[in-house]
Novice: 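Here it is, the structure in full.
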Amino acid sequence: MSRHKITPRSKGILLAAAGVLAVAGAAGITASASADEPSKDAKGPVPKLVVGTVFAPVSAAQWAQAVTYDTAQVPVGARVQVKEELRRDGGTRIELRVRDLGADRVYGAHVHTKPCGKLPADAGPHYQDKADPTQPSVDPAYANADNEVWLDLAANKDGSARSIATVDWRFRDGGARSVVIHEQATATHAGHAGTAGPRLACVNVPFM
């Protein structure tokens, strides 16, 4: 029987694949994809979606659940989890967790409109509940934490961080496809609102 050598690249592929399979096989994500939207008077659990995986090299972008564009700040194999919960009041709660990123620093993070790709720009612009007619959007009237989903992270000495965003609206069907991690904290001033520097990494999320 022949033996196959495990290279660093194949190790990253196996780790990423394991993360995708673990999430795809979870009952929660399967149920949430077809669940009815909860009403204010509904009882029982609200629809939830969970994506947990590791960052793969950009060479694997065609199939990977998450990719890194800057392995110094977001190493191959660093972990990421995104949770989405549809609230009974009509809003949405999104939680982002990361581990093994560059330590002791702040990262910007936002929900984007398109899937991750080989290029950082492939994920498209930020998702906006009310779309700015002028793109790229840097007007604080549109580029703000109420109209977009901002998930900035403050990594500790271990490179771990957690953030939560709650908005009072739901994503349009197919309109939100990924979460992108940026190099800097998100700016809020006119002419730069919503910007956060280069895109370091991206994770595909099939938001409900």
Side-chain angles (χ1 to χ4, degrees), residues 12 15-16 18-20 22-24 26-29 32 45-56 64-89 91-113 115-116 120 123 126-129 143-171 176-188 194-208:
L15 285 171
V20 175
V23 172
I29 188 171
S32 62
V46 297
K48 296 180 181 180
L49 178 148
V50 180
V51 170
T53 187
V54 298
F55 289 102
Q65 188 79 18
V67 294
T68 174
Y69 305 111
D70 185 332
T71 56
Q73 296 300 328
V74 183
V76 171
R79 287 166 282 182
V80 60
Q81 183 183 79
V82 179
K83 294 182 181 180
E84 179 193 14
E85 178 182 307
L86 301 185
R87 298 165 61 90
R88 293 192 180 92
D89 61 6
T92 307
R93 179 185 185 273
I94 304 95
E95 178 181 341
L96 173 64
R97 289 176 179 261
V98 294
R99 296 189 68 179
D100 305 317
L101 270 60
D104 296 319
R105 54 162 299 174
V106 174
Y107 298 88
H110 320 98
V111 172
H112 283 245
T113 60
C116 310
H126 295 181
Y127 180 92
Q128 294 183 324
D129 181 46
N144 61 67
D146 294 322
N147 194 45
E148 301 182 349
V149 177
W150 292 6
L151 293 158
D152 285 21
L153 299 158
N156 63 16
K157 62 182 178 64
D158 299 316
S160 299
R162 172 177 178 259
S163 63
I164 295 173
T166 302
V167 292
D168 61 6
W169 38 264
R170 303 274 175 81
F171 293 115
R177 302 291 301 279
S178 61
V179 172
V180 173
I181 298 175
H182 293 256
E183 187 177 48
Q184 303 162 7
T186 305
T188 58
T195 62
R199 302 179 182 194
L200 304 179
C202 180
V203 53
N204 289 308
V205 184
F207 287 105
M208 294 181 287

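Computed from a predicted model, the values in this text were never measured in an experiment.
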Novice: Distance-only criterion, 3.5 Å: show the donor-acceptor pairs between side-chain atoms of residues 157-168 and protein atoms not counting sequence neighbours.
Specialist:
unit_1	atom_1	unit_2	atom_2	d
R162	NE	E95	OE2	2.9
S163	OG	L151	O	2.9

Novice: Would the distance check show the side chain of D152 and the main-chain N or O of T186 forming a donor-acceptor pair, the cut-off being under 3.5 Å?
Specialist: yes
Novice: Does any N or O in the side chain of R177 come within less than 3.5 Å of the main-chain N or O of C116, such that one atom is a donor and the other an acceptor?
Specialist: no
Novice: Could you tell me which non-hydrogen atom of A123 sits nearest to which non-hydrogen atom of S178, and how far apart they are?
Specialist: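 Smallest heavy-atom distance, with atoms named: CB-OG, 3.7 Å.
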Novice: Measuring from atom CG of L153 to atom CZ of R105, what distance do you get when rounded to the nearest 0.5 angstrom?
Specialist: 10.5 Å
Novice: Shortest non-hydrogen contact from P120 to R199?
Specialist: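 That closest heavy-atom pairing would be O-NH1, 3.1 Å.
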Novice: Would you give the length of the straight line joining atom CZ of R97 to atom CZ of R79, rounded to the nearest 0.5 angstrom?
Specialist: 12.0 Å
Novice: Between E85 and V46, which heavy-atom pair has the shortest distance, and what is it?
Specialist: CG-CG2, 3.4 Å
Novice: Is there a donor-acceptor pair closer than 3.5 Å between any side-chain N or O of T113 and the backbone N or O of Y127?
Specialist: no
Novice: So which heavy atom on A196 is nearest to which on H110, and how close?
Specialist: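 Closest approach of A196 to H110: CB-CE1, 3.7 Å.
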Novice: Work out which heavy atom in F55 is nearest to a heavy atom in A201; give both atom names and the distance.
Specialist: CE2-CB, 3.6 Å
Novice: In chain order, what residues pass the ring-ring contact (aromatic ring centres under 6.0 Å, His included) check against F207, with sequence neighbours excluded?
Specialist: F171
Novice: For side-chain contact (heavy atoms from CB on, under 4.5 Å), just list the numbers for T53 and V80, CA-CA rounded to whole Å, side-chain angles, deciding distance to a tenth of an Å, and then say yes or no.
Specialist: CA-CA 6 Å; T53 187; V80 60; 3.9 Å; yes
Novice: Counting N and O atoms only, with roles assigned by atom type, does the side chain of E84 sit under 3.5 Å from a partner on the main chain of M208, one being a donor and the other an acceptor?
Specialist: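 Pair found, side chain donor or acceptor close to backbone of M208.
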Novice: For G102, is there any backbone N or O sitting under 3.5 Å from a side-chain donor or acceptor partner on Y107?
Specialist: yes
Novice: Between V54 and D100, is any pair of side-chain heavy atoms under 4.5 Å apart?
Specialist: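 They are not in contact (no side-chain heavy atoms under 4.5 Å apart), so the answer is no.
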Novice: Going by the rule side chain to side chain donor-acceptor pair (under 3.5 Å), which residues pair with E148 if we only count those two or more places apart in sequence or in a different chain?
Specialist: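 Only H126, Q128, W150 meet the side chain to side chain donor-acceptor pair (under 3.5 Å) criterion with E148.
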Novice: Distance from T68 atom OG1 to L101 atom CG, nearest 0.5 Å?
Specialist: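 Interatomic distance, T68 OG1 to L101 CG, rounded to 0.5 Å: 8.0 Å.
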Novice: Among V180, V149, V179, which one satisfies side-chain contact (heavy atoms from CB on, under 4.5 Å) with H112?
Specialist: V180
Novice: More than 12 foreign heavy atoms under 6.0 Å from CZ of R99: is that the case here?
Specialist: no
Novice: Is Q65 reaching over with its side chain to a backbone N or O of N204, donor-acceptor style, under 3.5 angstrom?
Specialist: yes
Novice: Minimum heavy-atom separation for A56 to V76, with atom names?
Specialist: C-CG2, 4.3 Å
